[in-house]
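Structure, as structure tokens:
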Amino acid sequence: MKKYTNTSDITSLANLVDEAIALKKNPFAFESLGKHKTLVMLFFNPSLRTRLSTQKAAQNLGMEVMIMNISHDGWVLEFEDGSIMNNASSEHVKEAAQVVSQYCDILAIRAFAGLTNKEEDYNEKVINAFVQYATVPVVSLESATGHPLQALADAITLAENKVKQKPKVVLSWAPHPKALPHAVANSFVEIMQLQDVDFVITHPKGYELDTKITEGVMIEYDQKKAFENADFIYTKNWSTFNDYGKVQSQDKNWMITQQKMQGTNNAKFMHCLPVRRNVVVEDAVIDDKNSLVIEQAKNRTFAAQIVLKRILENSNSPLKRA
Ligand code: AN0
Ligand code: CP
């Protein structure tokens with residue numbers, strides 16, 4: 001693997017999931033692979049799971065880790081080509097990415113969508129600039145339009161918990177007071193399309209995701225109907241895509257409740273976390289034995305570990321050195 005900034009960097013999802021599950025059983029099996037290798041993680045946004053699970057994954061492989069909350073502690077970066085930098089930004093990403101690359105072997109970046117400029121977000125201004133100017137492989141820790149490490153952890157969790165060959169998986173929008181990015185939902189949709197599942201998305205009208213991503217996926221506007229026979233309910237809020245970045249609805253009727261879960265095939269509940277209790281999901285659902293949220297967070301380590309392992313193996317290969 002040369003980089004991991006999108007689910008499209010996956011060549012065989014089944015292999016990746018199998019190998020991640022093997023790593024989970026034997027996390028220190030490749031503890032020499034990352035010796036004298038460094039992972040730098042740059043955070044433009046907050047994190048609990050991504051930061052700690054990726055650090056742990058790197059440490060399991062014997063890597064050193066350096067972390068920086070770049071929006072608090074770093075210079076304000078410029079991304080525009082040819083700009084006259086006499087305003088807020090002090091350093092261009094061209095230098096920053098090349099400089100940081102000299103301190104590490106893999107560079108991981110978290111840069112959420114701004115949700116004000118659709119074109120800028122969907123062109124992945126920040127992470128693509130790092131991919132362009134960094135001289136080491138780049139990993140996404142959630143970019144403007146995707147959260148591929150989360151999606152991989154979700155695929156691992158699904159593989160471990162499914163009891164039938166082709167389960168019904170429902171991605172359900174749920175209300176939230178703030179405008180949230182599409183990244184988690186986008187990557188989940190993409191990774192569901194890489195496997196054999198009966199996949200349905202349910203959301204209020206107006207909350208359609210990018211049709212380039214949902215092409216061919218069934219959309220059911222009636223949440224109750226979507227939940228029928230479901231084996232997994234994956235919940236996430238996102239803001240509107242068409243009328244970009246807005247909170248159009250906070251309809252409490254879309255919250256995931258125990259009563260709604262009773263209309264499924266005893267479905268497992270999934271959410272990437274962090275989650276607002278009793279806004280997105282009722283306590284009774286997230287605290288139930290069918291809730292997989294803690295397992296999902298655990299699998300973030302092994303999703304990150306398999307990705308870092310594949311990237312290290314690729315950069316160690318004689319072909320690459322030649
Ligand atoms: C972020 C989001 O929705 O993209 C991060 C999720 C992993 N969530 C919040 O900001 C609450
Ligand atoms: N799910 C997830 O990415 O969590 P954090 O934002 O806490 O990293």
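Because only heavy atoms are used, hydrogens play no part in the values below, and waters and symmetry mates are left out as well, while side chains stay in. Count residues from 1 along the sequence. Order of appearance sets the numbers: ligands from 1, and atoms from 1 within every ligand.
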Worksheet entry | ligand 1 contacted by Lys178 (non-hydrogen, < 4.0 Å) | no
Practice prompt. Say whether Glu142, considering both its backbone and side-chain N or O atoms, lies within less than 3.5 Å of an N or O atom on ligand 1.
Written response: yes
Discussion item. Test of understanding: given a 4.0 Å heavy-atom threshold, classify the contact between Gln150 and ligand 1 as side chain, backbone, both, or neither.
Written reply: neither
Item to complete: With heavy atoms under 4.0 Å as the rule, classify the contact between Lys236 and ligand 1 as side chain, backbone, both or neither.
Response: side chain
Worksheet item: Under 4.0 angstrom from ligand 1, any heavy atom of Trp238?
Response: no
Worksheet item: How far apart are the closest heavy atoms of Tyr4 and Pro148, and which atoms are they?
Response: OH-O, 2.8 Å
Worksheet entry | Sub-4.0 Å heavy-atom contact, Pro181 with ligand 1 | yes
Discussion item. Considering both backbone and side-chain atoms of Cys272, is one of its nitrogen or oxygen atoms within less than 3.5 Å of a nitrogen or oxygen in ligand 2?
Written reply: yes
Discussion item. Using a 3.5 Å cut-off on N or O atoms only, is Glu142 in polar contact with ligand 2?
Written reply: no
Discussion item. Looking at Lys164, I'd like to know if its NZ atom is crowded, meaning that more than 12 non-hydrogen atoms belonging to other residues, nucleotides or ligands lie closer than 6.0 Å.
Written reply: yes
Worksheet item: Is Glu313 paired with Lys309 through a side-chain N to carboxylate O contact shorter than 4.0 Å?
Response: yes
Discussion item. Please determine whether the number of non-hydrogen atoms from other residues, nucleotides or ligands lying under 6.0 Å from atom CD of Gln193 exceeds 12.
Written reply: yes
Worksheet entry | ring-ring contact (aromatic ring centres under 6.0 Å, His included) partners of Tyr234, counting only residues at least two apart | Phe188
Worksheet item: To the nearest 0.5 Å, how far apart are CG in Leu292 and CD1 in Ile233?
Response: 11.5 Å
Worksheet item: Quick one: which of Arg51, Arg110, Arg49, Gln150 has a heavy atom closest to atom 6 (O) of ligand 2?
Response: Arg110
Worksheet item: Can you find an N or O of Leu273 that's nearer than 3.5 Å to an N or O of ligand 2?
Response: yes
Practice prompt. Answer yes or no: is there an ion pair linking Asp287 with Arg277, defined by an N-O contact shorter than 4.0 Å?
Written response: yes
Worksheet entry | Close-contact set for ligand 1 against Phe112 heavy atoms, below 4.0 Å | 5 (C)
Worksheet entry | Asp222: partners by side chain to side chain donor-acceptor pair (under 3.5 Å), with sequence neighbours left out | none
Worksheet, complete the sentence: When rounded to the nearest 0.5 Å, the distance separating OG of Ser187 from CD of Glu190 is 5.0 Å
Practice prompt. Check ligand 2 against His147 and write out every atom of the ligand that is under 4.0 Å from a heavy-atom position of the residue.
Written response: 2 (C), 3 (O)
Discussion item. Show the atoms of ligand 2 that are less than 4.0 angstrom away from any heavy atom in Arg300.
Written reply: 1 (N), 2 (C), 3 (O)
Practice prompt. Could you find the nearest protein heavy atom to atom 10 (O) of ligand 1 and give me its residue, atom name and distance?
Written response: Leu180 CD2, 3.6 Å
Discussion item. A quick test of your reading: do over 12 heavy atoms of other residues, nucleotides or ligands sit less than 6.0 Å from CD of Glu91?
Written reply: yes
Discussion item. With a 4.0 Å cut-off on heavy atoms, is Gln296 in contact with ligand 2?
Written reply: no
Worksheet item: Taking 4.0 angstrom as the limit, do Lys3 and Asp9 come out as a salt bridge?
Response: yes
Item to complete: For Leu48, take its heavy atoms, then give the atoms of ligand 2 lying under 4.0 Å from any of them.
Response: 5 (P), 7 (O), 8 (O)
Worksheet item: Would you call Leu273 a ligand 1 contact, heavy-atom distance under 4.0 Å?
Response: yes
